[in-house]
Amino acid sequence: DDFILTGRAGAWAGQDWNTGVGVPTGWYYWLPPIGGNDGVLANGFENTVVTNAVSHSGQYSLKFNLPAGRAAHDGFVGTKRFPFNGGSVTTTISAGDIVRLSVWIKASNLVPDSAAKYPGTWAVGFTPLWFAKSGNNDGYNNVGPGNDYTFIFPNATSFDWTQYSLDVVVPSGVGATALETRLHVYSTFVGTVYFDDLTVQKVGSTTSAGNEKNGVPKVFELTSNYPNPFNPSTKIQFSIPQEASISLAVYNMLGQRVRTLAQGNYAQGTYTTTWDGRDATGHVLESGVYFYRLETGSIALVRKMLMLK
């Protein structure tokens with residue numbers, strides 16, 4: 001039967017969708033508060049459905065429809081865990097391999113001005129998570145990094161089906177044996193988006209022959225800042241797999257840019273920069289949570305950090 005698991009003092013809920021409500025068994029969502037589709041309708045997530053209104057292929061797609069004026073909350077629909085080896089999987093995937101996540105997106109009712117002003121929170125994207133086990137009764141055993149990657153939409157109020165792809169490295173030394181991909185809508189996003197044809201594919205390995213042995217990165221990466229929490233400064237490291245125009249900036253909880261740390265054309269390589277807790281005018285900011293966002297091409301990577309004074 002359909003059921004819902006509610007916790008965190010009523011602030012969040014996770015629901016295990018099955019075919020009775022239109023989603024294959026094992027897929028689930030996490031929408032605030034109390035599940036979103038279950039009687040609390042102020043946040044826009046009550047409009048998250050599997051629909052046959054449009055599709056990239058087949059008959060169905062996943063639809064987020066988030067209205068203006070909704071409460072600011074993240075939400076996601078997460079896939080079943082994808083085991084690297086065994087079962088129906090025919091390609092061996094191991095630590096250090098490069099996996100490509102791809103999804104087709106169609107969007108309308110977008111607000112380009114908001115996307116430009118609040119890129120840290122006005123966005124949708126992938127959150128790939130790694131797990132030690134993938135069985136139905138294995139519980140929540142995530143390991144390794146949990147990065148938020150955001151998609152950079154065109155400067156338009158709508159666009160037709162477009163494929164967004166991301167290459168990620170299977171983490172080493174943490175016992176990861178499965179991958180879950182979350183289709184993520186961030187806290188201030190307004191608009192209608194459809195997701196379809198999500199695929200996971202092995203495309204290479206960081207241990208294969210090539211320049212990786214000389215420390216040249218093969219994927220777009222943004223590491224956890226160190227130290228975190230920090231006072232008064234913290235270091236941020238990022239990797240560029242090929243020459244690209246990039247932007248690395250810090251945002252506050254509202255998604256407003258407070259400081260640009262790096263911008264311009266960068267050669268392939270790994271770079272480290274330092275943030276001293278000040279805004280663009282040199283003013284020392286208040287303690288709290290901040291985001292740092294690395295942007296290039298059609299993908300951006302976002303991480304959180306905590307400043308304590």
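Note that the coordinates shown come from a computational prediction; the quantities given were computed from them, not determined experimentally.
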Peer 1: Can you tell me if Asp148 uses its side chain to pair, donor with acceptor, with the backbone of Phe126 under 3.5 Å?
Peer 2: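 Absent.
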Peer 1: Any sub-3.5 Å donor-acceptor pair from Arg182's side-chain atoms to Val185's backbone N or O?
Peer 2: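 Absent.
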Peer 1: Kindly say whether Phe189 contributes a backbone atom to a donor-acceptor pair with the side chain of Arg70 at under 3.5 angstrom?
Peer 2: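 Indeed, once roles are kept as given, a pair shorter than 3.5 Å links the two residues.
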Peer 1: Under 3.5 Å, is there a donor-acceptor pair between the side chain of Asn141 and the main chain of Lys133?
Peer 2: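 Yes, because the side chain of Asn141 sits within donor-acceptor range (under 3.5 Å) of the backbone of Lys133.
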Peer 1: If the condition is salt bridge (Lys or Arg N to Asp or Glu O under 4.0 Å), which residues does Arg293 pass it with, not counting sequence neighbours?
Peer 2: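 Only Glu295 meet the salt bridge (Lys or Arg N to Asp or Glu O under 4.0 Å) criterion with Arg293.
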Peer 1: Hey, does the side chain of Lys202 reach the backbone of Thr92 with a donor-acceptor pair shorter than 3.5 angstrom?
Peer 2: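 Indeed, once roles are kept as given, a pair shorter than 3.5 Å links the two residues.
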Peer 1: Run Phe131 and Leu179 through side chain to side chain contact (heavy atoms under 4.5 Å, CB included) and show every step you take.
Peer 2: CA-CA 6 Å; Phe131 289 86; Leu179 167 68; over 6 Å; no
Peer 1: Group every Ile, Leu, Val, Met, Phe, Trp and Tyr by side-chain heavy-atom contacts under 4.5 Å, then state whether Phe153 and Val111 land in the same group.
Peer 2: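 Yes, one cluster joins them.
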Peer 1: So how far is it from Lys235 NZ to Thr223 OG1, rounded to the nearest 0.5 Å?
Peer 2: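 So the NZ of Lys235 and the OG1 of Thr223 are separated by 12.0 Å.
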Peer 1: Between Tyr266 and Tyr271, does the ring centre distance come in under 6.0 Å?
Peer 2: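 For Tyr266 and Tyr271, the ring centres are under 6.0 Å apart.
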Peer 1: Would one find more than 12 heavy atoms of other residues, nucleotides or ligands at under 6.0 Å from atom CD of Gln242?
Peer 2: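 Count not over threshold, so no.
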Peer 1: Quick check on the hydrophobic clustering: are Phe151 and Trp161 connected, directly or via other members, by side-chain heavy-atom contacts under 4.5 Å?
Peer 2: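 No, Phe151 and Trp161 fall in different hydrophobic clusters.
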Peer 1: Closest heavy-atom contact between Ile105 and Phe195?
Peer 2: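 Heavy atoms of Ile105 and Phe195 come nearest at CD1-CE2, 3.6 Å.
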Peer 1: Going only through I, L, V, M, F, W and Y residues with side-chain contacts under 4.5 Å, is there a path from Tyr118 to Ile299?
Peer 2: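 Tyr118 clusters together with Ile299.
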Peer 1: Set out, in order, the CA-CA distance, both residues' side-chain angles and the distance that settles side chain to side chain contact (heavy atoms under 4.5 Å, CB included) for Leu66 and Val190, then state yes or no.
Peer 2: CA-CA 5 Å; Leu66 300 177; Val190 169; 5.5 Å; no
Peer 1: Between CG of Leu294 and CD1 of Ile246, what distance do you get to the nearest 0.5 Å?
Peer 2: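 If I round to the nearest 0.5 Å, the distance is 5.5 Å.
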Peer 1: Would Val168 and Val219 count as a side chain to side chain contact (heavy atoms under 4.5 Å, CB included) if you check the C-alpha gap in whole Å, the side-chain angles of each, and the deciding distance to 0.1 Å?
Peer 2: CA-CA 7 Å; Val168 293; Val219 296; over 6 Å; no
Peer 1: In the hydrophobic clustering that connects Ile, Leu, Val, Met, Phe, Trp and Tyr at side-chain heavy-atom distances below 4.5 Å, which members other than Leu254 occupy its cluster, ordered by chain and number?
Peer 2: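 Members other than Leu254 - counting any ILVMFWY side chain reachable under 4.5 Å - there are none.
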Peer 1: Under the side chain to side chain contact (heavy atoms under 4.5 Å, CB included) rule, what do Glu180 and Arg81 come out as? Steps first, then yes or no, please.
Peer 2: CA-CA 5 Å; Glu180 170 200 314; Arg81 294 178 199 172; 4.3 Å; yes
Peer 1: Does any N or O in the side chain of Asp74 come within less than 3.5 Å of the main-chain N or O of Ser187, such that one atom is a donor and the other an acceptor?
Peer 2: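 Yes; judged by distance alone, with no hydrogens or angles, the pair exists.
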Peer 1: Linking Ile, Leu, Val, Met, Phe, Trp and Tyr through side-chain heavy atoms less than 4.5 Å apart, which residues share a cluster with Tyr226?
Peer 2: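 Noted: Tyr226 shares its cluster with no other residue.
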Peer 1: Taking Asn231 for the side chain and Lys309 for the main chain, is one N or O donor matched with an acceptor at less than 3.5 Å?
Peer 2: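 Here the side-chain-to-backbone pair does not exist.
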Peer 1: Relative to Tyr251, does Arg257 satisfy both conditions: NZ or CZ under 6.0 angstrom from the six-membered ring centre, and within 45 degrees of the ring's axis?
Peer 2: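 Because its charged atom misses either the 6.0 Å distance or the 45° angle limit, Arg257 does not stack over Tyr251.
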Peer 1: Answer yes or no: is there an ion pair linking Asp276 with Arg259, defined by an N-O contact shorter than 4.0 Å?
Peer 2: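 Looking at Arg259 together with Asp276, the answer is yes, because their closest N to O distance falls below 4.0 Å.
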Peer 1: Are Leu101 and Phe84 connected into the same hydrophobic cluster when the rule is that any two of I, L, V, M, F, W, Y join if their side-chain heavy atoms are below 4.5 Å apart?
Peer 2: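 Hydrophobic grouping puts Phe84 with Leu101.
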Peer 1: How long is the straight-line distance from CG of Leu166 back to CZ of Arg100, given to the nearest 0.5 Å?
Peer 2: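 Reported value, rounded in 0.5 Å steps: 9.5 Å.
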Peer 1: Taking all non-hydrogen atoms of both residues into account, name the closest pair between Asn225 and Lys304 and its distance.
Peer 2: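 Nearest heavy atoms, Asn225 then Lys304: OD1-O, 3.7 Å.
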Peer 1: Does Tyr292 have Arg303 sitting over its ring (NZ/CZ under 6.0 Å from centre, angle to axis within 45°)?
Peer 2: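 No, Arg303 does not sit over the ring of Tyr292.
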Peer 1: Regarding Ser158 and Ser108, is there a side-chain donor-to-acceptor distance under 3.5 Å anywhere?
Peer 2: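 No - no donor-acceptor pair under 3.5 Å links their side chains.
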Peer 1: Of all heavy-atom pairs between Ala244 and Thr296, which one has the smallest distance, and what is that distance?
Peer 2: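 Heavy atoms only, the tightest pair is CB-OG1, 3.5 Å.
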Peer 1: Under 3.5 Å, which donor-acceptor pairs link side chains of residues 58-65 to any protein atom two or more places apart or in another chain?
Peer 2:
{"residue": "Ser61", "atom": "OG", "partner": "Val54", "partner atom": "O", "Å": "2.9"}
{"residue": "Asn65", "atom": "OD1", "partner": "Thr192", "partner atom": "OG1", "Å": "2.8"}

Peer 1: Could you tell me if the ring centre of Phe230 sits under 6.0 Å from that of Trp275?
Peer 2: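 Here the rings of Trp275 and Phe230 have centres that are less than 6.0 Å from each other.
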Peer 1: What distance do Thr273 atom OG1 and Leu261 atom CG have between them, rounded to the nearest 0.5 Å?
Peer 2: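 So the OG1 of Thr273 and the CG of Leu261 are separated by 5.0 Å.
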Peer 1: Closest approach of Ala107 and Val193, non-hydrogen atoms and distance?
Peer 2: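 So the minimum-distance heavy-atom pair works out to CB-CG1, 3.8 Å.
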Peer 1: First locate atom CD of Gln237, then atom OG1 of Thr272, and finally report the distance between them rounded to the nearest 0.5 Å.
Peer 2: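 So the gap between those two atoms works out to 4.0 Å.
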Peer 1: Atom CG of Leu306 and atom OG of Ser287: how far apart are they, to the nearest 0.5 Å?
Peer 2: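 The distance works out to 8.0 Å.
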Peer 1: Of the non-hydrogen atoms in Asn155 and Pro112, which two are nearest, and what is the gap between them?
Peer 2: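 Taking Asn155 first and Pro112 second, the nearest heavy atoms are OD1-CB, 3.0 Å.
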Peer 1: Under the side chain to side chain contact (heavy atoms under 4.5 Å, CB included) test against Thr181, which residue among Val77, Leu129, Thr79 passes?
Peer 2: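 Only match with Thr181 under side chain to side chain contact (heavy atoms under 4.5 Å, CB included): Thr79.
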Peer 1: Phe238 and Ile152: same hydrophobic cluster, using ILVMFWY side-chain contacts below 4.5 Å?
Peer 2: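 As far as the 4.5 Å side-chain criterion goes, Ile152 and Phe238 are not connected within one cluster.
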Peer 1: Could you pull out all residues at least two apart from Trp130 that satisfy ring pair (Phe, Tyr, Trp, His ring centres under 6.0 Å)?
Peer 2: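 Residues passing ring pair (Phe, Tyr, Trp, His ring centres under 6.0 Å) with Trp130: none at all.
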Peer 1: Over all heavy atoms of both residues, which pair between His184 and Gly75 is shortest? Give the atoms and the distance, please.
Peer 2: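 Between these two residues, the closest heavy atoms are CD2-O, 3.2 Å.
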Peer 1: Hey, does Asn147 have a side-chain heavy atom less than 4.5 Å from the side chain of Leu222?
Peer 2: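 Side chain of Leu222 against side chain of Asn147, heavy atoms only: no contact under 4.5 Å found.
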Peer 1: For Thr162, check side chain to side chain contact (heavy atoms under 4.5 Å, CB included) against everything at least two apart and list the hits.
Peer 2: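 Testing Thr162 for side chain to side chain contact (heavy atoms under 4.5 Å, CB included), a comparison that skips the adjacent residues, returns Phe159, Tyr164.
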Peer 1: Does any N or O in the side chain of Thr270 come within less than 3.5 Å of the main-chain N or O of Ser239, such that one atom is a donor and the other an acceptor?
Peer 2: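 Not confirmed, Thr270 side chain does not pair with Ser239 backbone.
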Peer 1: Do side-chain atoms of Thr260 reach the backbone of Ala262 as a donor and acceptor pair under 3.5 angstrom?
Peer 2: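 Side chain of Thr260 to backbone of Ala262, a donor-acceptor pair under 3.5 Å: no, none is there.
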